[in-house]
Amino acid sequence: MRNCHLRDAAALAQFWAWLEEEIHKDVKLTEVEVADKLLEFRSKQSGFMDTSFDTISGSGANGAIIHYKPEPESCSIVEANKLFLLDSGAQYVDGTTDITRTVHFTEPTAREKDCFTRVLKGHIAIDQAVFPENTPGFVLDAFARSSLWKTGLDYRHGTGHGVGAALNVHEGPQSISFRYGNLTPLQKGMIVSNEPGYYEDHAFGIRIENLLSVKEVDTPNRFGGIEYLGFEKLTFTPIQAKLIDLTLLSAEEITWLNDYHSQVWEKVRIRPDPIINPSFFVLYLLLIHICNIVLFLLSTLIILISR
């Protein structure tokens, strides 16, 4: 599973670099054409078999349709001045991927940044969660929604579903969901998605999704003599920095984001597999480092001001 996610990350890096360049050249691309191009990049990775589900490629209001499927005869153009949500995945001989990123190609509104940042805070909260063994996934679901709830917002789907290894992309029995009827405990080795979102009808959709593997965590205490568990990230693709309102993030959350992007850089840039367009790939990953520097400087400024 780990290796196929790194190959998938390389394909996504190539894809996002390509799409950014095409949009900035004012090339008109439909949601279907964009999804087809991503399939083209993925299909050149070793061990690729097929998509793991129909790609959700939604520009603007279409992104607010949670299980939107673009059709050639009715889909929209991917517009530079609107949020674009892309939820996709692949089946490889050694694993299954499922990833969502939401991006903006020009300047997002304050409303879009506020909502995106609250979704990101929920995503980070799940990623950093530590919990006792035998904890069912529904116990964690509120972690992902807390920041949205504080402003009266929410989303109408679960936060995470089980994923098989080169099997079903939606595979139980584990989940992270507000549906508290599922009492299946999260156990070491289980794969689960981390995908909080927010959807504003007729306007935009936001979702940030990584896959996680449940792992044992070495805590300083073992209350009750039991193990404590947490998560290992499997997905390594950047989260767009310009959609983030840094004033809503804590210093710890900014550190998480910088650390994550550093891991993306280290893990994906050294892939032994030949990549299709090295110049795009290097440029894309270089932007990650630039974003990290900007975030570090801004977070330092926020800390100094708060004193």
Side-chain angles (χ1 to χ4, degrees), residues 5-45 51 55-63 68 70 75-90 97 99-109 112-113 115-117 119-120 204-210 235-246 257-258 260-265 267-269 271 275-295:
H5 275 81
L6 296 182
R7 297 197 303 278
D8 204 56
L12 282 159
Q14 297 158 26
F15 163 79
W16 284 115
W18 166 83
L19 182 58
E20 185 92 20
E21 182 167 283
E22 294 300 290
I23 295 293
H24 287 162
K25 290 192 298 187
D26 203 28
V27 176
K28 302 302 179 185
L29 296 165
T30 68
E31 295 162 332
V32 168
E33 288 171 335
V34 168
D36 289 345
K37 189 66 176 183
L38 174 56
L39 174 59
E40 179 185 323
F41 280 118
R42 275 192 166 122
S43 65
K44 295 178 181 179
Q45 290 295 321
T51 57
T55 297
I56 299 171
S57 172
S59 177
N62 290 339
Y68 174 70
C75 68
S76 298
I77 297 293
V78 176
E79 298 187 47
N81 63 345
K82 294 182 179 180
L83 283 175
F84 175 60
L85 186 154
L86 186 72
D87 185 348
S88 68
T97 69
I99 173 175
T100 309
R101 288 295 182 266
T102 306
V103 301
H104 201 292
F105 299 103
T106 54
E107 188 58 38
T109 66
E112 290 166 341
K113 291 175 68 173
C115 294
F116 183 91
T117 307
V119 171
L120 175 60
F204 60 81
I206 295 167
R207 188 159 63 250
I208 304 170
E209 178 185 16
N210 284 352
T235 306
F236 292 97
T237 293
I239 296 166
Q240 193 176 55
K242 72 177 175 181
L243 273 168
I244 300 169
D245 180 351
L246 279 175
L257 190 64
N258 286 336
Y260 178 63
H261 284 158
S262 293
Q263 289 177 61
V264 172
W265 173 266
K267 289 177 180 291
V268 182
R269 74 183 175 91
R271 286 301 307 151
I275 58 177
I276 301 164
N277 192 325
S279 62
F280 276 177
F281 185 70
V282 172
L283 175 61
Y284 186 60
L285 292 176
L286 181 60
L287 288 174
I288 298 172
H289 265 329
I290 294 171
C291 289
N292 281 348
I293 293 169
V294 172
L295 285 171

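All values derive from a computational prediction rather than experimental measurement.
- Distance alone, capped at 3.5 Å, is enough to place a donor-acceptor pair between the K242 side chain and the T106 backbone.
- Put simply, CG on L83 and CG on N62 are 12.5 Å apart, with the number rounded to the nearest 0.5 Å.
- Formation of a donor-acceptor pair under 3.5 Å by the R101 side chain with backbone atoms of T237 is found in this model.
- Considering all non-hydrogen atoms of both residues, I244 and L257 come closest at CD1-CD2, 3.3 Å.
- In this structure, Q14 contributes its side chain and A10 its backbone to a donor-acceptor pair below 3.5 Å.
- With hydrogens and angles ignored, the 3.5 Å screen pairs a side-chain donor or acceptor of E31 with a backbone N or O of S59.
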Trace of the side-chain contact (heavy atoms from CB on, under 4.5 Å) decision for F84 with I23: CA-CA 12 Å; F84 175 60; I23 295 293; over 6 Å; no
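- Residues satisfying the side-chain hydrogen bond (donor to acceptor under 3.5 Å, both in side chains) criterion with D245, sequence neighbours excluded, are T247.
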Using side-chain contact (heavy atoms from CB on, under 4.5 Å), reason through V103 and W16 one step at a time and then give a plain yes or no. CA-CA 10 Å; V103 301; W16 284 115; 3.6 Å; yes
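- Between T55 and L39, the closest side-chain pair of non-hydrogen atoms is not below 4.5 Å.
- Atom CD1 of I208 sits about 12.5 Å away from atom CG of D87, to the nearest 0.5 Å.
- From E33, atom CD reaches atom CG of L19 across 11.5 Å, with rounding to the nearest 0.5 Å.
- Annotation: side chain of L12 is in contact with side chain of L38 (closest heavy-atom distance under 4.5 Å).
- In terms of modelled atom types and a separation under 3.5 Å, the side chain of H24 and the main chain of A80 share no donor-acceptor contact.
- Residues satisfying the side chain to side chain contact (heavy atoms under 4.5 Å, CB included) test with S43, not counting sequence neighbours, are F48.
- S57 places no side-chain N or O within donor-acceptor distance of the main-chain N or O of L86, the cut-off being under 3.5 Å.
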What do the steps show when you test Y68 against L85 for side-chain contact (heavy atoms from CB on, under 4.5 Å), and what is the final call? CA-CA 10 Å; Y68 174 70; L85 186 154; over 6 Å; no
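- Residues satisfying the salt bridge (Lys or Arg N to Asp or Glu O under 4.0 Å) criterion with K113, sequence neighbours excluded, are absent altogether.
- Remark: the backbone N or O of K37 is not paired with any side-chain donor or acceptor of R42 at under 3.5 angstrom.
- Judged by distance alone, the side chain of T97 and the main-chain N or O of A90 form a donor-acceptor pair under 3.5 Å.
- Sequence neighbours left out, not one pair with a member in residues 10-19 passes salt bridge (charged side-chain N to carboxylate O under 4.0 Å, His left out).
- Listed by chain and number, the residues in a salt bridge (Lys or Arg N to Asp or Glu O under 4.0 Å) with E20 amount to none (sequence neighbours excluded).
- Without hydrogens or angle criteria, Y260 side chain to P238 main chain gives no donor-acceptor distance under 3.5 Å.
- Interatomic distance, OG1 of T102 versus CG of L120, reported as 11.0 Å (0.5 Å rounding).
- Residues passing the side chain to side chain contact (heavy atoms under 4.5 Å, CB included) test with E22 are W18, K25, V27, L29, sequence neighbours excluded.
- Between the OG1 atom of T109 and the CZ atom of F204 there is a distance of 6.5 Å, given to the nearest 0.5 Å.
- Distance check, rounded to the nearest 0.5 Å: CZ of F105 to CD of Q240 gives 7.5 Å.
- Taking both residues in full, the closest heavy atoms of I239 and H261 are given as N-NE2, 3.0 Å, listed atom of the first, atom of the second, then distance.
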